[in-house]
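Quick caveat: nothing in here was measured; it's all calculated off a predicted structure.
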Amino acid sequence: MEYEGIAVGTEIPRLVERVTIVQTVMYCGITWDFARQHYDTEMARSLGFPGPVVDPQMYGAFLARMLMDWMTIKAMLKRLTVRYAAPAYLGDVLTYTGIVVKKYEDRGQRYIDCNLVVENQNGEQIVKGSAVTLWW
């Protein structure tokens, strides 16, 4: 994608991921966060969850992946902000989407701002966020 071809309202190609135990344990290993509620059903239930709950940081990782796939080598992710609205659970199918809301230049640098959303398989928004990307 080239900067010149992007307009306000451009939709970022969505990313759809089913949360798996393998993916979750790999993420725990990468981040050194082995909180058992992310992979242990009994522990999650003892905390009031119906099953293992997705580590909220994973949402940011997948949003960054979606953005990087879209930007290819023409840009970099400058800032990513996420707000968690509801938990997701092992086995959920999460859809990551984004839309361009602002395109501008500042001090010779070219930027694109995006609004981001993560929804579960029931269409519930579980994460809202934003990103600032720097293009060359």
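Here the CZ-OG distance, from R79 to S130, works out to 7.5 Å after rounding to the nearest 0.5 Å. Here the CZ atom belonging to R36 is positioned 9.5 Å from the CD atom belonging to E42, to the nearest 0.5 angstrom. Atoms SG and NZ, from C114 and K103 in turn, are 11.5 Å apart once rounded to the nearest 0.5 Å. In this structure, OG1 on T97 lies 6.0 Å from CD on E119, to the nearest 0.5 angstrom. Between L77 atom CG and M71 atom CE the span is 5.0 Å, to the nearest 0.5 Å. With rounding to the nearest 0.5 angstrom, the OG1 atom of T41 is 13.0 Å from the CZ atom of F49.
Counting heavy atoms from C-beta outward, Y96 and V127 have side chains that stay 4.5 Å or more apart. Taking the side chain as every heavy atom from C-beta outward, T10 and I112 never approach each other to under 4.5 Å. K128 places none of its side-chain heavy atoms less than 4.5 Å from the side chain of L116. Within the 4.5 Å cutoff, the side chain of M58 has no heavy atoms near those of the L94 side chain. The side-chain heavy atoms of E2 and K74, taken from C-beta on, include a pair separated by under 4.5 Å. Side-chain contact between V93 and V16: present, with at least one pair of heavy atoms (C-beta onward) separated by less than 4.5 Å. Residues L15 and F62 form a side-chain contact, since some pair of their non-hydrogen atoms from C-beta on lies under 4.5 Å apart. By the 4.5 Å heavy-atom criterion applied to side chains, V82 and Y59 are not counted as neighbours.
Residues passing the side chain to side chain donor-acceptor pair (under 3.5 Å) test with E4, sequence neighbours excluded: R110.
When every heavy atom of R18 is checked against every heavy atom of G91, the shortest pair comes out as NH1-O, 2.7 Å. When all heavy atoms are compared, the tightest approach of A44 to G51 is CB-O, 3.2 Å. The nearest pair of heavy atoms linking P56 to H38 is CD-CE1, 4.4 Å. Of all heavy-atom pairs between C28 and Y39, the closest is SG-CD2, 4.2 Å. Residue G98 comes nearest to M66 through the heavy atom pair N-CE, 4.0 Å, listed as atom of the first residue, atom of the second, then distance.
Within 6.0 Å of CD on E11 lie no more than 12 heavy atoms contributed by other residues, nucleotides or ligands.
Clustering ILVMFWY residues whenever any of their side-chain heavy atoms sit less than 4.5 angstrom apart, transitively, puts Y104 in the very cluster that holds M76. Clustering ILVMFWY residues whenever any of their side-chain heavy atoms sit less than 4.5 angstrom apart, transitively, puts L67 in the very cluster that holds V118. Under a hydrophobic-cluster definition in which Ile, Leu, Val, Met, Phe, Trp and Tyr are linked whenever side-chain heavy atoms come within less than 4.5 Å, directly or via other members, V132 and W136 are assigned to the same cluster. Hydrophobic clustering (ILVMFWY, side-chain heavy atoms < 4.5 Å, transitive): L80 and V100 are in one cluster. The cluster map of Ile, Leu, Val, Met, Phe, Trp and Tyr, joined by side-chain heavy atoms under 4.5 Å apart, puts M26 and L63 in the same cluster.
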Is there a side chain to side chain donor-acceptor pair (under 3.5 Å) between Y89 and N120? Walk through the geometry before answering. CA-CA 9 Å; Y89 303 97; N120 65 17; over 6 Å; no
Could you give me the CA-CA distance, side-chain angles and deciding distance for L90 and I21, then say whether side-chain contact (heavy atoms from CB on, under 4.5 Å) is met? CA-CA 7 Å; L90 212 57; I21 187 68; 3.8 Å; yes
Could you walk me through whether K102 and Y111 pass the side-chain contact (heavy atoms from CB on, under 4.5 Å) test, one step at a time? CA-CA 8 Å; K102 185 177 179 182; Y111 296 93; over 6 Å; no
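Checking side-chain atoms of R45 against main-chain N and O of P50 turns up a donor-acceptor pair under 3.5 Å. At least one donor-acceptor pair under 3.5 Å links the side chain of D55 to the backbone N or O of Q57. Of the possible donor and acceptor atoms, none in the side chain of N115 sits under 3.5 Å from a partner among the backbone N and O of V117.
Using cut-offs of 30° and 60° on the angle between ring planes, the pair W70 and W135 is perpendicular.
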